[in-house]
Amino acid sequence: MKKGFFITLEGPDGSGKSTQIEYLRRFFEENEIECVFTREPGGTHIGEELRKIILDKSNSEMCDMAEALLYAASRAQHVEELIKPALMEGKVVVCDRFIDSSIAYQGYGRNLGDSVRVINEYAVAGCMPDVTFLMELPPAVGKSRISEDSQDRLEMEKIEFHNRVYEGYLNIANHYADRFVCVDASRDKEVIRQDLIGTVAEALANRGIM
Ligand code: TYD
């Protein structure tokens with residue numbers, strides 16, 4: 001049985017996750033709560049190596065299923081090596097993207113459907129987030145915030161792809177409403193910060209962590 005608390009952040013590219021993760025980092029530091037911050041794809045040595053392959057713009061020939069399996073492989077290693085042990089030690093884990101990114105991007109975006117959920121249920125082996133924040137922002141707005149030069153292989157995709165991903169996110173959030181918290185990401189970042197921290201503080205208090 002895990003003792004810690006597992007938080008994930010999800011949303012379209014350019015939805016402001018990184019800024020909010022930085023605010024969360026400060027919140028945990030100020031409250032002296034031990035917290036592990038990590039990201040996907042990546043988080044471990046093997047995961048970061050896989051990340052380079054997945055996001056490399058020159059790997060344009062990568063087929064959709066290979067992409068889905070690489071994300072899942074990175075996740076399986078991440079769960080086993082870092083996330084599960086931290087949760088077992090009672091730590092809070094904050095992860096920038098997790099299983100829902102695969103369901104949205106590969107399941108909906110790449111049209112791979114439910115196979116992505118099935119693969120990823122093997123990858124996470126029951127280790128699911130306690131709370132998932134979905135940063136809600138229309139993909140066109142998010143995309144306009146990222147300069148063309150800095151786009152990775154996924155960010156380079158057409159707007160139609162990103163629209164399918166976003167629609168997928170909304171469906172997933174609806175389906176797993178018990179763990180999802182939808183955040184209007186078009187607001188001022190300070191207002192969003194207050195929203196997120198308020199929810200996190202309440203959830204941790206309910207768990208007796210703070
Ligand atoms: P990242 O560089 O972390 O982008 P961001 O800063 O916007 O979160 O993520 C890399 C890209 O990989 C991003 O476009 C989303 C995509 N992705 C998937 O397609 N499937 C997945 O399972 C994950 C974790 C990410």
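Both counts, for ligands and for their atoms, begin at 1 and track the order of listing. Note that the coordinates shown come from a computational prediction; the quantities given were computed from them, not determined experimentally.
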field: Test item, Arg75 contacting ligand 1 (heavy atom, 4.0 angstrom)
entry: yes

Arg25 to Phe37, cation-pi by 6.0 Å centre distance and 45° axis angle: yes

query: Closest non-hydrogen protein atom to atom 22 (O) of ligand 1, residue and atom name please, with distance?
result: Ser102 OG, 2.6 Å

field: Closest approach of any protein heavy atom to atom 12 (O) of ligand 1, naming residue and atom
entry: Tyr71 OH, 2.8 Å

- prompt: At under 4.0 Å between heavy atoms, which part of Ile54 makes contact with ligand 1: side chain, backbone, both or neither?
  reply: neither

query: By number and element, which atoms of ligand 1 are closer than 4.0 Å to a non-hydrogen atom of Leu154?
result: 14 (O), 16 (C), 19 (O)

message: How about NZ on Lys57, more than 12 heavy atoms from neighbouring residues, nucleotides or ligands closer than 6.0 Å, or not?
response: yes

query: Tyr105 and Tyr71: aromatic ring centres closer than 6.0 Å?
result: no

- prompt: Hey, is Arg51 one of the residues with a heavy atom under 4.0 angstrom from ligand 1?
  reply: yes

- prompt: Would you say Lys17 and ligand 1 have an N/O pair spaced under 3.5 Å apart?
  reply: yes

message: Would Tyr105 count as a polar contact of ligand 1, with the cut-off being nitrogen or oxygen pairs under 3.5 Å?
response: no

message: Suppose we measure from atom 11 (C) of ligand 1 to each protein heavy atom; which comes out shortest, and what is that distance?
response: Leu55 CD2, 3.8 Å

- prompt: Counting N and O atoms only, with roles assigned by atom type, does the side chain of Glu157 sit under 3.5 Å from a partner on the main chain of His162, one being a donor and the other an acceptor?
  reply: no

query: Which residue owns the protein heavy atom closest to atom 7 (O) of ligand 1, what's the atom, and how far is it?
result: Asp13 OD1, 3.0 Å

- prompt: Would you say Gln106 has any N or O atom under 3.5 Å from an N or O of ligand 1, going by distance alone?
  reply: yes

query: salt bridge (charged side-chain N to carboxylate O under 4.0 Å, His left out) with Glu190: which residues, sequence neighbours excluded?
result: Arg193

- request: For atom 9 (O) of ligand 1, grab the closest protein heavy atom and report residue, atom and distance to one decimal in Å.
  value: Arg97 NE, 3.7 Å

- line: Of Val94, Val131, Val93, the one forming a side chain to side chain contact (heavy atoms under 4.5 Å, CB included) with Phe5 is Val131

message: If you count every heavy atom of other residues, nucleotides or ligands that lies below 6.0 Å from Glu80 atom CD, does the total exceed 12?
response: no

query: How would you list all residue pairs meeting salt bridge (charged side-chain N to carboxylate O under 4.0 Å, His left out) that involve residues 33-47, not counting sequence neighbours?
result: Glu34-Lys91, Arg39-Glu48, Glu40-Arg75

